[in-house]
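The block underneath contains the structure these notes are about, expressed in structure tokens.
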Amino acid sequence: MITADEVSDKNVGSNGLLFTNVTVWTPEIDRFGQSVARWIRMGQPGGAVYGQQRNGKTRACSYLVRFLPEVLGYQIAVLHWSIPEQIESKQTEREFIQEMMHQSNCARVMGRDLAVLRRRFLTHLAELALGAGSKRIVVIIDEAQNLFRAQYGYLIHCFNSLENFGVQPFFLLVGQPELQNTPVGWAEASGMQVLGRFFAREHRYRGVDRTEVEAVLDGFDMPTDGEACSDLAKRYPAEYEAGWCLRKLAPFFVEAMDMVMQQHNIQSGLRLPMQYFHSTLLDLLYRVKDENISLLQVSTPMVLTSLKESGFLSVLAYYVDPSSGDSGTHRAVRGMM
């Protein structure tokens, strides 16, 4: 299991309080990593992960690049590609390959002969896998909902060619909820190669559950590398020496989420996306700093105010947990927005 200590990676602002580029471990990231590791151990060729916007999927992909070898227990090459939006025109195969070469840190991406580019790219990927010592490579394809039908063909060619190089590939598609509907179109078109390789297994990536707020706050409160304590602890030494820490805010976050659910008649559950969780925490800490109050004075109404300031209530209906069948609730909440 990946621990919060191992994956905390903060860059804290010069004021010693506000997080400017914070990434933290979450239970959802751990579930994501364990699922992918299990698929790889099973010998699956690929899988798909989908979830709503702002849940932190891209951050989770970055974690996987860094920690998947540790979860698996052996070295493995891991790449993280991101598929750009292609609204006006579809990328040609040449453009697609060159873009993925760039994202794989492959030199010499220019060339007139498409076959030469393909060979150069595949050789680079095979060398990465062989260099890792396991002859395996995992390719994480972020924003996979932007893939066009022809580009799945490019990926299949890449997969088959890597196998011919003696490399065992695993392709992980990560994208927004519409990615979940992709297998339907391929099934209708008899696209069993696509289904078998890229949608053999599926995982839903979700936001922060009310039961996991404390664990996420612990991640935000971890010291930076080489430091004995967090920057927040440096700014409020008396409170921290008395036993205060960010996890003390968990009951207020949970109560604020419960109040929102009650106000909007949400029965099944509510997930707080990491972006809005992060924004809520930042707004709350700014409020404490600007109003020069003690962290011990933080209360549920303050967290609720910061939750509203984050903009979460304007997108609330999108993050209602449908696990218990809340279709009527979705309609009711939308009507109140």
Side-chain angles (χ1 to χ4, degrees), residues 18-24 26-29 31-32 48-62 82-85 87 142-146 174-182 202-213 215-217 219-220 249-250 252-287 300-337:
L18 304 181
F19 317 104
T20 56
N21 184 26
V22 60
T23 56
V24 300
T26 68
E28 192 66 26
I29 284 178
R31 284 188 287 270
F32 175 42
V49 176
Y50 57 89
Q52 297 103 318
Q53 298 92 324
R54 311 295 181 258
N55 274 344
K57 297 186 299 297
T58 296
R59 293 278 191 176
C61 290
S62 298
S82 182
I83 305 301
E85 284 190 301
I87 298 175
D142 202 1
E143 302 295 346
Q145 75 279 351
N146 293 329
V174 180
Q176 295 177 15
E178 53 263 39
L179 181 65
Q180 186 181 11
N181 299 324
T182 301
E202 295 184 351
H203 175 84
R204 181 184 175 198
Y205 193 90
R206 302 188 290 182
V208 179
D209 183 75
R210 62 191 300 283
T211 63
E212 299 170 346
V213 169
V216 176
L217 286 171
F220 278 98
L249 299 178
F252 307 129
F253 270 79
V254 171
E255 189 172 5
M257 291 175 68
D258 288 346
M259 290 174 65
V260 170
M261 289 173 60
Q262 184 177 4
Q263 290 169 3
H264 294 279
N265 193 30
I266 299 171
Q267 302 297 324
S268 61
L270 182 67
R271 298 275 178 157
L272 183 56
M274 271 301 292
Q275 176 176 309
Y276 293 105
F277 191 108
H278 186 200
S279 296
T280 299
L281 182 60
L282 281 175
D283 184 79
L284 183 66
L285 294 178
Y286 266 120
R287 194 178 305 276
T300 299
M302 292 178 63
V303 174
L304 186 59
T305 297
S306 294
L307 189 61
K308 293 176 180 177
E309 287 295 321
S310 75
F312 177 60
L313 297 190
S314 66
V315 294
L316 179 65
Y318 195 46
Y319 298 99
V320 173
D321 192 339
S323 59
S324 297
D326 234 351
S327 59
T329 301
H330 279 260
R331 288 191 293 270
V333 173
R334 289 192 187 99
M336 299 176 68
M337 288 169 56

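Values in this document were obtained by computation on a predicted structure and should not be read as measured data.
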Where is the tightest heavy-atom contact between [X] and [Y], given as atom of each residue plus distance?
X	Y	value
Ala256	Thr300	N-CG2, 3.8 Å
Ala48	Leu179	CB-CD2, 4.5 Å
Asn146	Pro84	CB-O, 3.5 Å
Ser306	Asp283	OG-OD2, 2.7 Å
Tyr318	Gln53	OH-OE1, 2.6 Å

Side-chain (Lys57) to main-chain (Gly51) donor-acceptor, under 3.5 angstrom: yes
Just so I know, are the side chains of [X] and [Y] near enough to count as touching, which here means a heavy-atom distance under 4.5 Å?
X	Y	answer
Leu217	Phe277	yes
Thr305	Arg287	yes
Arg204	Tyr50	yes
Leu249	Val303	no
Met274	Val216	yes

Under the side-chain hydrogen bond (donor to acceptor under 3.5 Å, both in side chains) test, residues paired with Arg31 that sit two or more places apart: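 side-chain hydrogen bond (donor to acceptor under 3.5 Å, both in side chains) check on Arg31 returns Glu28, Glu212.
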Set of side-chain hydrogen bond (donor to acceptor under 3.5 Å, both in side chains) partners for Ser82, sequence neighbours left out: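 side-chain hydrogen bond (donor to acceptor under 3.5 Å, both in side chains) check on Ser82 returns nothing, list empty.
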[atom1]-[atom2] distance between [X] and [Y], expressed to the nearest 0.5 angstrom:
X	Y	atom1	atom2	result
Lys308	Thr280	NZ	OG1	12.0 Å
Asn55	Gln176	CG	CD	10.5 Å
Arg54	Leu272	CZ	CG	13.5 Å
Gln262	Ile266	CD	CD1	11.0 Å
Gln263	Asp258	CD	CG	11.0 Å
Arg206	Arg271	CZ	CZ	3.5 Å

Any donor-acceptor N or O pair under 3.5 Å, side chains Gln145, Glu143: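 Side-chain D/A pair, Gln145 to Glu143: present.
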Leu284 and Met302: CA distance, side-chain angles, deciding distance, side-chain contact (heavy atoms from CB on, under 4.5 Å) verdict: CA-CA 7 Å; Leu284 183 66; Met302 292 178 63; 3.9 Å; yes
Stepwise side-chain contact (heavy atoms from CB on, under 4.5 Å) test for Val260 and Leu304: CA-CA 8 Å; Val260 170; Leu304 186 59; 3.8 Å; yes
Parallel, tilted or perpendicular: ring planes of Phe312 versus Tyr276, cut at 30 and 60 degrees: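 Correct class here is tilted.
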For Tyr205, ring-ring contact (aromatic ring centres under 6.0 Å, His included) partners two or more places apart: Phe32
